[in-house]
There are 2 protein chains.
Amino acid sequence: MVPKRPAIKRVTIQQVAEAAGVNRSTVSRVFNNPDILLEETVRNVREVARKLGYSPNAAARALRTGRNSNIALVVPDLTNPFMPPIALAVQKEAAARGYSVFIGNADENPNQEMDLLKRLSDQVGGAVLVSPRSDSEQIHALASDMPLVLINRDIKEVPRVLIDSGQGMAQAVRHLAQLGHRRVTYVGGPENSWSNSQRCAAVTHAAHEHGISMSTLPAGTASFVRGVEIVPALLSCGATACIAFDDVLAQGICYGLVENELEIPEDYSVIGCDDILGYPMLTTVSGPAAKAGQIAVDLLMSSLNTPSEEDVRIVLETEFVSRDTVGPPKYR
Amino acid sequence: MVPKRPAIKRVTIQQVAEAAGVNRSTVSRVFNNPDILLEETVRNVREVARKLGYSPNAAARALRTGRNSNIALVVPDLTNPFMPPIALAVQKEAAARGYSVFIGNADENPNQEMDLLKRLSDQVGGAVLVSPRSDSEQIHALASDMPLVLINRDIKEVPRVLIDSGQGMAQAVRHLAQLGHRRVTYVGGPENSWSNSQRCAAVTHAAHEHGISMSTLPAGTASFVRGVEIVPALLSCGATACIAFDDVLAQGICYGLVENELEIPEDYSVIGCDDILGYPMLTTVSGPAAKAGQIAVDLLMSSLNTPSEEDVRIVLETEFVSRDTVGPPKYR
DNA sequence: ATGAAAGCGCTAACAT
DNA sequence: ATGTTAGCGCTTTCAT
């Protein structure tokens, strides 16, 4: 199980010290606290270190200090196109601050989520969890073990950044209402997804406000095939337009609709969410996913340095984007 | 720069040893070499360890052994839909073997590629590089520092798994030829991409074989917008069909074509590559991306244990998938 | 401003 | 089958 081949022999602080004619601690200071040293010493040691190709051993440093420069990023499903932009932003922001990122895919599974974090816990300073599916209690427990930042999950006392679909969904429903739609269906995504509940609630609220009737159809999984499959059930809802949990699901619905000889948007209007697809030009609700990732890392970094006492809850707004998949209803 | 907050105080091997009334080394053996111990001792220590919530400190272990249970995964662009399935497979396979995965996005940039690997080098046992853009020399140099496995980059002496578009592309061109197309355009992707050269060569070869004329149009970046943009240039090539570097580019081309009042496949046929998109139902060349990721990890694990002396080069086949974006040419 | 020395938690000889 | 012990490379008091 444990590999036999030893890691490549690396240059140690001792070798640098000898070559530079100083003590190990001086070399250490050059890298950790150069200000208290003579400028010349620093320059000299740096030069020697560079020549020898020295770089501090992370394991030794971590062992000695009890700290490290890694964070974990755990997502429910990397292949969901909503994730990569966030992962990218997280990795970029972390790198800019000298941190490296472990990636973990939880397979939409709370247990795997916890297992991953447990496995990683002693190698990271903290973690960013995107749309975690675990119970609030488990997440709370975890948060007492290591700094955590959540994306799209609203748990009190745990720092979180939320992409609030409320505004975008409201605009979407208003748009539909103005075009004359009188009945819409919300096609739901994963059961235990905060975003799903939030979007559903937002649509419900907005529909009520505009006096249009609304039904809910849970798709469970937000996948292309699931979208295709659900079209018959969707049509039997009797609405003239639907708002899907996300773009992937909406895309599947579009395909299923077309397969059923219906034209979009002439016969049926479809609205997605997340704004992550190139094609079709889906009318959708767009949110700042990358920004959320970046902010999450910022928050994590601050709580690494000085655990905040306040309850941090950052809310990011969304907006409706009108494209090709919405039109007036066929029969008014 | 270095965080002030110390990591959570963890249970050490010493505490477990005391609680279990044995020596530290016995506890260590329970976790690393249980076979040589009395069954009862193992059971007892395991029990105590579990009660105390002990888990070995990775930093201490890494420092002592010079090995660790991490690998790095570096990709040129995580948001390219070709990557997530590979990343997922890599993480899964690594986890199954008790390894954790660092993710690095190189931004299609050779320097960032090397920087990431350098940063990670002392925290990982090896790395999987997907479509690396660096020079062969740099990669070779790196390979002498740590075990490396390449995906879709063919460098002698470096273990690599290649998704060979040759077969799929040949089938694609044959299909086109049989439908009566006499002139095709290959729309190229990233300059320094092995896959791109490989696909281009495969198309060239197959076109020659079927006696149809072929032109090349380099798009450079394989993005949706780039695909849209290039359509005018594509049309001026005078072909009746194109094969694009990848599905994303093909998708953009489809959109651009439609914007130009052309119908697909009636007026123009489009073939993509990678088979990663749900929609449109792109005729494409499909390859086992996830499998490649899994194999890459397998190879990496073997070379972690026993560096192979042979030149490892795994080739995975592709196949042509006929869907909705190819038809006979309009004018024969 | 720099050196000396202890020790982080663990594993792997080497004893017994 | 288990205990003893040294030491991985580094940071950090404490001395000077």
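Each chain gets a letter, A, B and so on, in the order the sequences are listed, and its residues count up from 1.
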Item to check | A/R160/A/D311 under salt bridge (Lys or Arg N to Asp or Glu O under 4.0 Å): CA gap, chis, key distance, verdict | outcome: CA-CA 9 Å; A/R160 53 218 183 272; A/D311 190 24; 3.0 Å; yes
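If you take CG of B/D122 and C1' of D/dC10, they are 12 Å apart, rounded to a whole angstrom. The interatomic distance linking B/Q15 (CD) with C/dC8 (P) rounds to 11 Å, in whole Å. Rounded to an integer number of Å, the gap from A/Q14 CD to D/dG7 C1' is 13 Å. Taking atom CG on B/L63 and atom C1' on C/dT11, their separation rounds to 11 Å, with Å as the unit. Summarising the geometry, the separation between CG on A/N32 and P on D/dG9 is reported as 17 Å, rounded to the nearest angstrom. The interatomic distance linking A/N33 (CG) with D/dC10 (C1') rounds to 15 Å, in whole Å. For the pair B/R67 CZ and C/dT11 P, the computed distance is 10 Å after rounding to whole Å. Here the C1' atom of nucleotide C/dC8 and the CD1 atom of B/I13 are 13 Å apart, to the nearest Å.
Distances shorter than 4.0 Å separate none of the side-chain N or O atoms of B/R29 from OP1 or OP2 on C/dC10. Contact annotation: B/N57 does not reach the phosphate of C/dC10 (side-chain N/O to OP1 or OP2, under 4.0 Å). Of the side-chain N and O atoms in B/N23, none sit less than 4.0 angstrom from OP1 or OP2 of D/dT2.
Considering only heavy atoms from C-beta on, B/R153 stays 4.5 Å or farther from B/L129 through its side chain. No side-chain heavy atom of B/R29 sits under 4.5 Å from any side-chain heavy atom of B/T41.
For the pair B/E47 and B/R43, the salt-bridge criterion is not met [side-chain N within less than 4.0 Å of a carboxylate O].
Counting only distance, with no hydrogens or angles, the side chain of B/N105 and the backbone of A/L88 share no donor-acceptor pair below 3.5 Å.
Of the listed nucleotides (D/dC8, D/dT12, C/dA1), D/dT12 has the atom at the smallest distance from the side chain of A/T65. Listed candidates were D/dC8, D/dT2, C/dT2. Nearest to the side chain of B/R64 is D/dC8. Closest to the side chain of B/L38, from the set D/dT2, C/dC10, D/dT12, is D/dT2.
Projected onto DNA chain D by closest heavy-atom contact, B/T26 and A/S25 fall at different nucleotides, the more 5' of which corresponds to B/T26. Comparing A/D35 and A/R24 by the nucleotide of DNA chain C that holds the closest heavy atom to each, the one mapping nearer the 5' end is A/D35. Nearer to the 5' terminus of DNA chain C, by closest-nucleotide assignment, is the contact made by A/G21 (compared with the other of A/G21 and B/Y54).
Nucleic acid contact class of B/F31 (heavy atoms, under 4.0 Å, all strands): none. B/I36 comes within 4.0 angstrom of a base, heavy atoms only.
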